[in-house]
Amino acid sequence: MLALTRKKGESIIVGENIEIVVLGITGEQVRLGIIAPKSIAVHRKEIFEQIRLENKEAMQNSKFKIKDLGGKLL
């Protein structure tokens, strides 16, 4: 993990096209702005984990398994 210290208005760059800006600090909360291409999904971690769990459950509960699709496509 890379740990950085930034002040309000300062930013960090991730890769070549993602910028994370410190918008404000109130008590123990830090408000961040994220500038990224629309093709890159940006989620809070708890939302990302929920999406991943729902996708996993959907795959397990699907009506057809991938191996069964071969005969159905013809």
Donor-acceptor list for residues 8-24 side chains, cut-off 3.5 Å, not counting sequence neighbours:
| residue | atom | partner | partner atom | Å |
| --- | --- | --- | --- | --- |
| Glu10 | OE1 | Lys7 | N | 2.6 |
| Ser11 | OG | Glu19 | OE2 | 2.9 |

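Atom CZ of Arg6 and atom CG of Leu32 lie 12.5 Å apart (nearest 0.5 Å). Between Thr26 atom OG1 and Arg31 atom CZ the span is 9.0 Å, to the nearest 0.5 Å. Taken from CZ in Arg52 to NZ in Lys45, the straight-line distance is 8.5 Å, to the nearest 0.5 Å.
Under a hydrophobic-cluster definition in which Ile, Leu, Val, Met, Phe, Trp and Tyr are linked whenever side-chain heavy atoms come within less than 4.5 Å, directly or via other members, Leu4 and Ile25 are assigned to the same cluster. Hydrophobic clustering (side-chain heavy atoms under 4.5 Å, transitive across Ile, Leu, Val, Met, Phe, Trp, Tyr) groups Val42 together with Val30.
More than 12 heavy atoms of other residues, nucleotides or ligands sit less than 6.0 Å from atom CD of Glu46.
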Legend entry - side-chain contact (heavy atoms from CB on, under 4.5 Å) evaluation trace for Asn55 with Leu53: CA-CA 5 Å; Asn55 286 343; Leu53 178 63; over 6 Å; no

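Looking at residues two or more places apart in sequence or on another chain, you find no salt bridge (charged side-chain N to carboxylate O under 4.0 Å, His left out) involving Glu54.
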